[in-house]
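Within every chain, numbering begins at 1; the chains are lettered A, B, ... in the order of the sequence lines, protein sequences first and strands thereafter. Quick caveat: nothing in here was measured; it's all calculated off a predicted structure.
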2 protein chains.
Amino acid sequence: MAGKVAERRKVLRENLIVIADRRIAENGLGALRARDLATEAGCALGAIYTIFDDLNDLVLAVNALTFQRLGADVAASLADAPQDATEQLITMAQAYHAFAASNYLSWRALFDLERPKGETAPDWYLQEMGQLFVYISTPLATLFPNRNADEIGLLTRAIFSSVHGIILLGLDEASAGVTKDKIDDMIAVILLQLVGQN
Amino acid sequence: MAGKVAERRKVLRENLIVIADRRIAENGLGALRARDLATEAGCALGAIYTIFDDLNDLVLAVNALTFQRLGADVAASLADAPQDATEQLITMAQAYHAFAASNYLSWRALFDLERPKGETAPDWYLQEMGQLFVYISTPLATLFPNRNADEIGLLTRAIFSSVHGIILLGLDEASAGVTKDKIDDMIAVILLQLVGQN
DNA sequence: CCTATATATTGAACCCCGTTCAAGTATGAG
DNA sequence: CTCATACTTGAACGGGGTTCAATATATAGG
(Lines give C-alpha, C1' and ligand atoms only; values in the text may rest on other atoms or scores of the structure.)
Protein backbone atom coordinates (compact mmCIF):
# COMPACT_ATOMS: atom_id res chain seq x y z
CA MET A 1 0.00 0.00 0.00
CA ALA A 2 2.46 2.58 -1.20
CA GLY A 3 1.26 6.17 -1.00
CA LYS A 4 -0.96 6.37 2.05
CA VAL A 5 0.94 9.46 3.08
CA ALA A 6 1.04 10.95 -0.37
CA GLU A 7 -2.71 10.45 -0.69
CA ARG A 8 -3.47 12.17 2.60
CA ARG A 9 -1.21 15.05 1.72
CA LYS A 10 -2.81 15.48 -1.67
CA VAL A 11 -6.29 15.58 -0.16
CA LEU A 12 -5.21 18.04 2.49
CA ARG A 13 -3.54 20.19 -0.11
CA GLU A 14 -6.71 20.44 -2.19
CA ASN A 15 -8.71 21.05 0.93
CA LEU A 16 -6.54 23.89 2.11
CA ILE A 17 -6.65 25.55 -1.28
CA VAL A 18 -10.43 25.34 -1.45
CA ILE A 19 -10.80 26.68 2.07
CA ALA A 20 -8.31 29.51 1.56
CA ASP A 21 -9.99 30.35 -1.73
CA ARG A 22 -13.35 30.71 -0.04
CA ARG A 23 -11.98 32.67 2.88
CA ILE A 24 -10.17 35.10 0.61
CA ALA A 25 -13.28 35.52 -1.53
CA GLU A 26 -15.37 36.25 1.56
CA ASN A 27 -13.05 38.26 3.76
CA GLY A 28 -10.08 39.23 1.69
CA LEU A 29 -6.43 38.33 1.70
CA GLY A 30 -5.76 40.45 4.77
CA ALA A 31 -8.10 38.38 6.93
CA LEU A 32 -6.55 35.02 6.10
CA ARG A 33 -5.26 33.28 9.25
CA ALA A 34 -3.22 30.10 9.48
CA ARG A 35 -5.09 29.00 12.61
CA ASP A 36 -8.48 29.47 10.98
CA LEU A 37 -7.39 27.40 8.02
CA ALA A 38 -6.11 24.60 10.25
CA THR A 39 -9.31 24.57 12.28
CA GLU A 40 -11.57 24.49 9.25
CA ALA A 41 -9.46 21.89 7.49
CA GLY A 42 -9.33 19.80 10.66
CA CYS A 43 -5.58 19.58 10.54
CA ALA A 44 -2.76 20.65 12.77
CA LEU A 45 -1.42 24.14 12.49
CA GLY A 46 1.98 22.82 11.51
CA ALA A 47 0.48 20.61 8.80
CA ILE A 48 0.02 23.65 6.60
CA TYR A 49 3.76 24.15 6.60
CA THR A 50 4.47 20.57 5.61
CA ILE A 51 2.62 21.26 2.36
CA PHE A 52 3.27 24.92 1.65
CA ASP A 53 6.41 26.90 2.36
CA ASP A 54 4.33 29.59 4.03
CA LEU A 55 0.95 31.26 3.70
CA ASN A 56 2.16 33.20 0.69
CA ASP A 57 2.80 29.94 -1.07
CA LEU A 58 -0.75 28.81 -0.34
CA VAL A 59 -2.17 32.08 -1.56
CA LEU A 60 -0.15 31.63 -4.71
CA ALA A 61 -1.99 28.36 -5.32
CA VAL A 62 -5.31 30.12 -4.75
CA ASN A 63 -4.28 32.88 -7.12
CA ALA A 64 -3.51 30.32 -9.79
CA LEU A 65 -7.12 29.13 -9.51
CA THR A 66 -8.44 32.66 -9.63
CA PHE A 67 -6.36 33.48 -12.65
CA GLN A 68 -7.63 30.39 -14.45
CA ARG A 69 -11.21 31.38 -13.74
CA LEU A 70 -10.52 34.87 -14.97
CA GLY A 71 -8.98 33.53 -18.15
CA ALA A 72 -11.93 31.20 -18.68
CA ASP A 73 -14.41 34.04 -18.27
CA VAL A 74 -12.60 36.23 -20.74
CA ALA A 75 -12.31 33.37 -23.21
CA ALA A 76 -16.02 32.58 -22.79
CA SER A 77 -16.96 36.18 -23.47
CA LEU A 78 -15.09 35.93 -26.76
CA ALA A 79 -17.09 32.86 -27.76
CA ASP A 80 -20.35 34.73 -28.22
CA ALA A 81 -18.85 38.08 -29.17
CA PRO A 82 -19.30 39.70 -32.56
CA GLN A 83 -16.67 39.21 -35.23
CA ASP A 84 -15.75 42.88 -35.22
CA ALA A 85 -12.32 43.25 -33.66
CA THR A 86 -13.14 46.44 -31.80
CA GLU A 87 -16.28 44.88 -30.35
CA GLN A 88 -14.25 41.89 -29.28
CA LEU A 89 -11.85 44.08 -27.35
CA ILE A 90 -14.70 45.88 -25.61
CA THR A 91 -16.44 42.60 -24.82
CA MET A 92 -13.31 41.14 -23.26
CA ALA A 93 -12.56 44.26 -21.26
CA GLN A 94 -16.07 44.30 -19.88
CA ALA A 95 -15.81 40.59 -19.07
CA TYR A 96 -12.63 41.42 -17.18
CA HIS A 97 -14.54 44.13 -15.37
CA ALA A 98 -17.42 41.80 -14.57
CA PHE A 99 -15.03 39.24 -13.15
CA ALA A 100 -13.18 41.79 -11.05
CA ALA A 101 -16.44 43.21 -9.73
CA SER A 102 -18.03 39.92 -8.72
CA ASN A 103 -14.83 38.36 -7.43
CA TYR A 104 -13.40 41.53 -6.05
CA LEU A 105 -11.47 40.24 -3.07
CA SER A 106 -10.08 37.25 -4.95
CA TRP A 107 -9.13 39.51 -7.82
CA ARG A 108 -7.39 41.93 -5.47
CA ALA A 109 -5.43 39.06 -3.97
CA LEU A 110 -3.87 38.52 -7.40
CA PHE A 111 -2.12 41.86 -7.12
CA ASP A 112 -1.99 42.53 -3.39
CA LEU A 113 0.04 39.46 -2.56
CA GLU A 114 3.48 40.89 -2.00
CA ARG A 115 6.27 39.04 -3.63
CA PRO A 116 9.38 38.57 -1.53
CA LYS A 117 11.52 41.38 -2.89
CA GLY A 118 13.86 40.50 -5.68
CA GLU A 119 11.74 37.48 -6.54
CA THR A 120 10.05 37.51 -9.91
CA ALA A 121 6.48 36.45 -10.53
CA PRO A 122 5.98 32.67 -10.85
CA ASP A 123 5.83 30.98 -14.21
CA TRP A 124 2.14 30.21 -14.35
CA TYR A 125 1.43 33.86 -13.60
CA LEU A 126 3.41 35.04 -16.59
CA GLN A 127 1.81 32.34 -18.72
CA GLU A 128 -1.76 33.26 -17.79
CA MET A 129 -0.88 36.89 -18.33
CA GLY A 130 0.57 35.96 -21.70
CA GLN A 131 -2.66 34.20 -22.61
CA LEU A 132 -4.68 37.31 -21.80
CA PHE A 133 -2.27 39.30 -23.92
CA VAL A 134 -2.81 36.95 -26.85
CA TYR A 135 -6.57 37.49 -26.61
CA ILE A 136 -5.89 41.20 -26.93
CA SER A 137 -3.15 41.20 -29.52
CA THR A 138 -5.07 39.01 -31.95
CA PRO A 139 -7.83 41.51 -32.74
CA LEU A 140 -5.27 44.31 -32.54
CA ALA A 141 -3.20 42.69 -35.25
CA THR A 142 -6.18 42.69 -37.60
CA LEU A 143 -7.01 46.29 -36.68
CA PHE A 144 -3.46 47.49 -37.26
CA PRO A 145 -2.03 45.30 -40.01
CA ASN A 146 0.76 47.79 -40.70
CA ARG A 147 2.30 47.68 -37.25
CA ASN A 148 5.06 45.23 -36.47
CA ALA A 149 5.07 42.72 -33.65
CA ASP A 150 6.87 45.02 -31.22
CA GLU A 151 4.39 47.79 -31.77
CA ILE A 152 1.45 45.43 -31.35
CA GLY A 153 3.05 44.08 -28.19
CA LEU A 154 3.45 47.53 -26.74
CA LEU A 155 -0.08 48.48 -27.65
CA THR A 156 -1.40 45.24 -26.16
CA ARG A 157 0.30 45.89 -22.86
CA ALA A 158 -0.77 49.51 -22.89
CA ILE A 159 -4.41 48.58 -23.50
CA PHE A 160 -4.45 45.89 -20.87
CA SER A 161 -2.87 48.24 -18.35
CA SER A 162 -5.33 51.00 -19.18
CA VAL A 163 -8.37 48.80 -18.77
CA HIS A 164 -6.88 47.38 -15.60
CA GLY A 165 -6.33 50.88 -14.23
CA ILE A 166 -9.88 51.96 -15.01
CA ILE A 167 -11.29 48.92 -13.24
CA LEU A 168 -8.89 49.14 -10.31
CA LEU A 169 -9.59 52.77 -9.50
CA GLY A 170 -13.26 52.44 -10.38
CA LEU A 171 -13.87 49.56 -8.01
CA ASP A 172 -11.55 50.91 -5.32
CA GLU A 173 -13.47 54.06 -4.69
CA ALA A 174 -16.85 52.47 -5.22
CA SER A 175 -17.94 54.72 -2.41
CA ALA A 176 -16.79 57.79 -4.29
CA GLY A 177 -19.61 57.36 -6.73
CA VAL A 178 -18.27 55.48 -9.73
CA THR A 179 -20.95 53.01 -10.76
CA LYS A 180 -20.41 49.87 -12.75
CA ASP A 181 -22.10 51.46 -15.71
CA LYS A 182 -19.68 54.36 -15.62
CA ILE A 183 -16.77 51.95 -15.53
CA ASP A 184 -18.12 50.14 -18.57
CA ASP A 185 -18.60 53.50 -20.25
CA MET A 186 -15.01 54.49 -19.57
CA ILE A 187 -13.79 51.18 -20.94
CA ALA A 188 -15.84 51.63 -24.09
CA VAL A 189 -14.81 55.26 -24.56
CA ILE A 190 -11.14 54.47 -24.19
CA LEU A 191 -11.21 51.46 -26.47
CA LEU A 192 -13.29 53.16 -29.11
CA GLN A 193 -10.95 56.13 -29.15
CA LEU A 194 -7.97 53.84 -29.21
CA VAL A 195 -8.95 51.48 -31.96
CA GLY A 196 -12.50 52.30 -32.96
CA GLN A 197 -11.80 54.61 -35.86
CA ASN A 198 -8.78 52.58 -36.89
CA MET B 1 2.93 79.81 30.04
CA ALA B 2 0.00 78.13 28.42
CA GLY B 3 0.88 75.67 25.72
CA LYS B 4 4.02 73.92 26.85
CA VAL B 5 2.32 70.61 26.24
CA ALA B 6 0.75 71.64 22.98
CA GLU B 7 4.13 72.82 21.72
CA ARG B 8 5.85 69.54 22.58
CA ARG B 9 3.10 67.56 20.94
CA LYS B 10 3.26 69.63 17.80
CA VAL B 11 7.00 69.15 17.50
CA LEU B 12 6.69 65.41 18.09
CA ARG B 13 3.94 65.18 15.54
CA GLU B 14 6.03 66.82 12.85
CA ASN B 15 8.97 64.68 13.84
CA LEU B 16 7.04 61.45 13.58
CA ILE B 17 5.68 62.38 10.19
CA VAL B 18 9.13 63.23 8.85
CA ILE B 19 10.61 60.02 10.22
CA ALA B 20 7.78 57.84 8.95
CA ASP B 21 7.99 59.55 5.59
CA ARG B 22 11.68 58.73 5.29
CA ARG B 23 11.27 55.16 6.50
CA ILE B 24 8.45 54.50 4.04
CA ALA B 25 10.47 56.02 1.21
CA GLU B 26 13.44 53.83 2.08
CA ASN B 27 11.86 50.55 3.10
CA GLY B 28 8.22 50.68 2.14
CA LEU B 29 4.99 50.79 4.04
CA GLY B 30 5.23 47.15 4.99
CA ALA B 31 8.44 47.66 6.93
CA LEU B 32 7.15 50.50 9.09
CA ARG B 33 7.35 49.62 12.80
CA ALA B 34 5.96 51.54 15.72
CA ARG B 35 8.95 50.65 17.88
CA ASP B 36 11.43 51.86 15.27
CA LEU B 37 9.60 55.14 14.99
CA ALA B 38 9.60 55.64 18.76
CA THR B 39 13.29 54.85 19.01
CA GLU B 40 14.25 57.19 16.20
CA ALA B 41 12.00 59.97 17.46
CA GLY B 42 13.32 59.48 20.98
CA CYS B 43 9.84 59.16 22.39
CA ALA B 44 7.92 56.48 24.23
CA LEU B 45 6.15 53.82 22.25
CA GLY B 46 2.83 54.92 23.64
CA ALA B 47 3.49 58.55 22.73
CA ILE B 48 2.70 57.73 19.11
CA TYR B 49 -0.80 56.77 20.13
CA THR B 50 -1.37 60.00 22.03
CA ILE B 51 -0.97 61.84 18.73
CA PHE B 52 -2.29 59.43 16.13
CA ASP B 53 -5.15 57.00 16.45
CA ASP B 54 -2.96 54.24 15.10
CA LEU B 55 -0.17 53.73 12.59
CA ASN B 56 -2.65 54.01 9.74
CA ASP B 57 -3.48 57.48 10.89
CA LEU B 58 0.20 58.43 10.83
CA VAL B 59 0.66 56.94 7.38
CA LEU B 60 -2.31 58.99 6.25
CA ALA B 61 -0.42 62.12 7.29
CA VAL B 62 2.63 60.93 5.37
CA ASN B 63 0.46 60.21 2.35
CA ALA B 64 -0.90 63.74 2.46
CA LEU B 65 2.68 65.00 2.13
CA THR B 66 3.42 62.60 -0.70
CA PHE B 67 0.30 63.63 -2.53
CA GLN B 68 1.21 67.29 -2.22
CA ARG B 69 4.66 66.63 -3.64
CA LEU B 70 3.12 64.67 -6.49
CA GLY B 71 0.72 67.50 -7.24
CA ALA B 72 3.57 70.01 -7.14
CA ASP B 73 5.64 67.97 -9.58
CA VAL B 74 2.78 67.65 -12.02
CA ALA B 75 2.01 71.34 -11.75
CA ALA B 76 5.67 72.19 -12.27
CA SER B 77 5.82 70.06 -15.39
CA LEU B 78 2.95 72.10 -16.79
CA ALA B 79 4.84 75.33 -16.21
CA ASP B 80 7.43 74.66 -18.88
CA ALA B 81 5.26 72.55 -21.14
CA PRO B 82 4.24 73.58 -24.65
CA GLN B 83 0.93 75.27 -25.21
CA ASP B 84 -0.39 72.37 -27.23
CA ALA B 85 -3.06 70.59 -25.19
CA THR B 86 -2.06 67.11 -26.28
CA GLU B 87 1.58 67.81 -25.42
CA GLN B 88 0.47 69.09 -22.04
CA LEU B 89 -1.32 65.85 -21.29
CA ILE B 90 1.68 63.79 -22.27
CA THR B 91 4.02 66.00 -20.26
CA MET B 92 1.88 65.66 -17.15
CA ALA B 93 1.50 61.92 -17.54
CA GLN B 94 5.23 61.49 -17.88
CA ALA B 95 5.77 63.74 -14.86
CA TYR B 96 3.42 61.44 -12.96
CA HIS B 97 5.47 58.51 -14.17
CA ALA B 98 8.73 60.18 -13.16
CA PHE B 99 7.36 60.86 -9.68
CA ALA B 100 6.10 57.31 -9.25
CA ALA B 101 9.40 55.87 -10.44
CA SER B 102 11.65 57.96 -8.23
CA ASN B 103 9.39 57.85 -5.19
CA TYR B 104 8.16 54.36 -5.78
CA LEU B 105 7.64 53.15 -2.22
CA SER B 106 6.05 56.41 -1.08
CA TRP B 107 3.83 56.41 -4.13
CA ARG B 108 2.78 52.81 -3.50
CA ALA B 109 1.88 53.73 0.08
CA LEU B 110 -0.73 56.11 -1.32
CA PHE B 111 -2.67 53.16 -2.66
CA ASP B 112 -1.52 50.24 -0.53
CA LEU B 113 -2.70 51.72 2.74
CA GLU B 114 -5.86 49.81 3.42
CA ARG B 115 -8.77 51.87 4.53
CA PRO B 116 -10.83 50.42 7.35
CA LYS B 117 -13.67 48.88 5.39
CA GLY B 118 -16.72 50.99 4.89
CA GLU B 119 -14.68 54.11 5.50
CA THR B 120 -14.36 56.49 2.58
CA ALA B 121 -11.15 58.21 1.57
CA PRO B 122 -10.31 61.32 3.61
CA ASP B 123 -11.19 64.77 2.36
CA TRP B 124 -7.72 65.97 1.45
CA TYR B 125 -7.28 62.84 -0.66
CA LEU B 126 -10.33 63.60 -2.73
CA GLN B 127 -9.27 67.23 -3.00
CA GLU B 128 -5.75 66.46 -4.23
CA MET B 129 -7.26 63.95 -6.63
CA GLY B 130 -9.66 66.62 -7.80
CA GLN B 131 -6.78 68.98 -8.43
CA LEU B 132 -5.03 66.39 -10.60
CA PHE B 133 -8.29 65.93 -12.46
CA VAL B 134 -8.53 69.66 -13.14
CA TYR B 135 -5.06 69.63 -14.66
CA ILE B 136 -6.29 66.93 -17.02
CA SER B 137 -9.76 68.21 -17.80
CA THR B 138 -8.55 71.70 -18.73
CA PRO B 139 -6.63 70.69 -21.85
CA LEU B 140 -9.31 68.09 -22.61
CA ALA B 141 -11.96 70.78 -22.66
CA THR B 142 -10.06 72.69 -25.32
CA LEU B 143 -9.46 69.51 -27.29
CA PHE B 144 -13.12 68.48 -27.20
CA PRO B 145 -15.13 71.70 -27.16
CA ASN B 146 -18.28 69.87 -28.21
CA ARG B 147 -18.44 67.53 -25.24
CA ASN B 148 -20.36 68.49 -22.15
CA ALA B 149 -19.00 68.59 -18.62
CA ASP B 150 -20.11 65.04 -17.81
CA GLU B 151 -18.41 63.63 -20.85
CA ILE B 152 -15.22 65.56 -20.11
CA GLY B 153 -15.36 64.34 -16.54
CA LEU B 154 -15.68 60.74 -17.59
CA LEU B 155 -12.87 61.10 -20.10
CA THR B 156 -10.70 62.78 -17.48
CA ARG B 157 -11.16 59.93 -15.05
CA ALA B 158 -10.65 57.37 -17.78
CA ILE B 159 -7.42 58.96 -18.90
CA PHE B 160 -6.06 59.32 -15.41
CA SER B 161 -6.91 55.70 -14.64
CA SER B 162 -5.33 54.49 -17.86
CA VAL B 163 -2.08 56.31 -17.25
CA HIS B 164 -2.11 55.13 -13.65
CA GLY B 165 -2.61 51.55 -14.78
CA ILE B 166 0.24 51.72 -17.27
CA ILE B 167 2.60 53.07 -14.63
CA LEU B 168 1.40 50.69 -11.91
CA LEU B 169 1.85 47.53 -13.95
CA GLY B 170 4.95 48.87 -15.67
CA LEU B 171 6.78 49.60 -12.43
CA ASP B 172 5.42 46.53 -10.65
CA GLU B 173 6.98 43.98 -12.93
CA ALA B 174 10.15 45.95 -13.48
CA SER B 175 11.82 42.58 -13.44
CA ALA B 176 9.63 41.37 -16.29
CA GLY B 177 11.45 43.68 -18.63
CA VAL B 178 9.40 46.85 -18.96
CA THR B 179 11.83 49.73 -19.05
CA LYS B 180 11.04 53.32 -18.19
CA ASP B 181 11.31 54.25 -21.82
CA LYS B 182 8.72 51.66 -22.76
CA ILE B 183 6.40 53.01 -20.09
CA ASP B 184 6.79 56.52 -21.48
CA ASP B 185 6.18 55.12 -24.95
CA MET B 186 2.98 53.44 -23.83
CA ILE B 187 1.80 56.64 -22.20
CA ALA B 188 2.51 58.60 -25.36
CA VAL B 189 0.89 56.02 -27.63
CA ILE B 190 -2.25 55.89 -25.55
CA LEU B 191 -2.60 59.62 -25.19
CA LEU B 192 -1.86 60.32 -28.83
CA GLN B 193 -4.42 57.77 -29.92
CA LEU B 194 -6.90 59.13 -27.42
CA VAL B 195 -6.65 62.81 -28.11
CA GLY B 196 -3.86 63.33 -30.60
CA GLN B 197 -5.90 63.35 -33.77
CA ASN B 198 -8.81 65.11 -32.08
C1' DC C 1 6.60 79.93 46.26
C1' DC C 2 4.07 75.77 47.51
C1' DT C 3 0.69 72.45 47.31
C1' DA C 4 -3.03 69.93 45.25
C1' DT C 5 -5.39 68.54 41.43
C1' DA C 6 -5.70 67.66 36.73
C1' DT C 7 -3.30 66.37 32.77
C1' DA C 8 0.15 64.09 30.04
C1' DT C 9 3.71 60.48 29.39
C1' DT C 10 5.64 56.13 29.85
C1' DG C 11 6.84 51.38 28.71
C1' DA C 12 5.78 46.78 30.48
C1' DA C 13 2.28 43.77 29.36
C1' DC C 14 -1.52 41.96 26.43
C1' DC C 15 -3.06 39.73 22.53
C1' DC C 16 -2.68 38.17 17.93
C1' DC C 17 -0.16 35.87 14.40
C1' DG C 18 3.22 33.37 11.31
C1' DT C 19 6.42 29.97 11.74
C1' DT C 20 9.36 26.30 13.93
C1' DC C 21 10.85 22.00 15.92
C1' DA C 22 11.25 18.55 19.69
C1' DA C 23 8.38 14.92 20.90
C1' DG C 24 5.12 11.60 19.62
C1' DT C 25 3.05 8.59 16.10
C1' DA C 26 2.36 6.07 11.92
C1' DT C 27 4.41 3.49 8.04
C1' DG C 28 6.28 -0.39 5.64
C1' DA C 29 10.47 -3.37 4.74
C1' DG C 30 12.49 -7.42 6.48
C1' DC D 1 6.10 -8.72 14.69
C1' DT D 2 10.07 -5.33 15.00
C1' DC D 3 12.48 -1.58 14.12
C1' DA D 4 14.21 2.30 11.64
C1' DT D 5 12.55 5.81 9.03
C1' DA D 6 9.39 9.29 7.86
C1' DC D 7 5.46 11.98 9.00
C1' DT D 8 2.52 14.75 12.08
C1' DT D 9 1.52 17.47 15.92
C1' DG D 10 0.72 21.65 18.64
C1' DA D 11 3.08 24.08 22.32
C1' DA D 12 6.38 27.52 22.18
C1' DC D 13 9.03 31.38 19.99
C1' DG D 14 9.65 35.89 18.20
C1' DG D 15 7.80 39.90 16.57
C1' DG D 16 4.52 43.57 16.24
C1' DG D 17 0.34 46.84 17.17
C1' DT D 18 -2.02 48.66 20.84
C1' DT D 19 -3.43 49.53 25.77
C1' DC D 20 -3.47 51.31 30.40
C1' DA D 21 -1.99 51.39 35.30
C1' DA D 22 1.68 53.74 37.21
C1' DT D 23 4.47 57.70 37.09
C1' DA D 24 5.76 62.26 36.07
C1' DT D 25 4.64 66.81 34.67
C1' DA D 26 1.99 70.99 34.30
C1' DT D 27 -1.18 74.33 35.98
C1' DA D 28 -4.33 76.83 39.24
C1' DG D 29 -5.28 78.47 43.73
C1' DG D 30 -3.70 80.07 48.00
Rounded distance (nearest 0.5 Å) linking atom CD1 of Ile48(A) with atom CG of Asp53(A): 13.0 Å
Between dT19(C) atom P and Asp57(A) atom CG, what is the distance in whole Å? 10 Å
Heavy atoms of other groups near Glu114(A) CD, more than 12 under 6.0 Å: no
Between Asp185(B) and Arg157(A), is the closest basic N to carboxylate O distance under 4.0 Å? no
Decide if atom CG of Asp123(A) counts as having more than 12 heavy atoms of other residues, nucleotides or ligands within a radius under 6.0 Å. no
Are more than 12 heavy atoms from other residues, nucleotides or ligands located less than 6.0 Å from atom CD of Glu26(B)? yes
Close approaches to DNA chain D from residues 26-42 of chain B, in residue order (heavy atom, under 4.0 Å): Leu32(B), Arg33(B), Ala34(B), Arg35(B)
Separation of atom CG in Leu55(B) from atom C1' in dG17(D), rounded to whole Å: 7 Å
Tell me, do Phe67(A) and Leu132(A) make a side-chain contact under 4.5 Å, heavy atoms counted? yes
Between the CG atom in Leu105(B) and the CG atom in Asn27(B), the distance rounded to the nearest 0.5 Å is 8.0 Å
Could you identify which residues of residues 6-15 of chain B place a heavy atom less than 4.0 Å from some atom of DNA chain D, listed by residue number, or say none? Arg8(B)
Can you measure Tyr49(A) atom OH to dC13(D) atom C1' for me and round it to whole angstrom units? 13 Å
Of dT19(C), dT18(D), dT10(C), the nucleotide closest to the side chain of Asp54(A) is dT19(C)
Between Ile48(B) (CD1) and dG11(C) (C1'), how many Å, whole number? 12 Å
Can you tell which of dT19(C), dT9(D), dT18(D) lies closest to the side chain of Leu45(A)? dT19(C)
For the pair made of CZ in Phe52(B) and P in dA8(C), what is the distance, rounded to whole Å? 17 Å
According to the interplanar angle, ranging from 0 to 90°, do the rings of Trp107(B) and Tyr96(B) count as parallel (below 30°), tilted (30 to 60°) or perpendicular (above 60°)? perpendicular
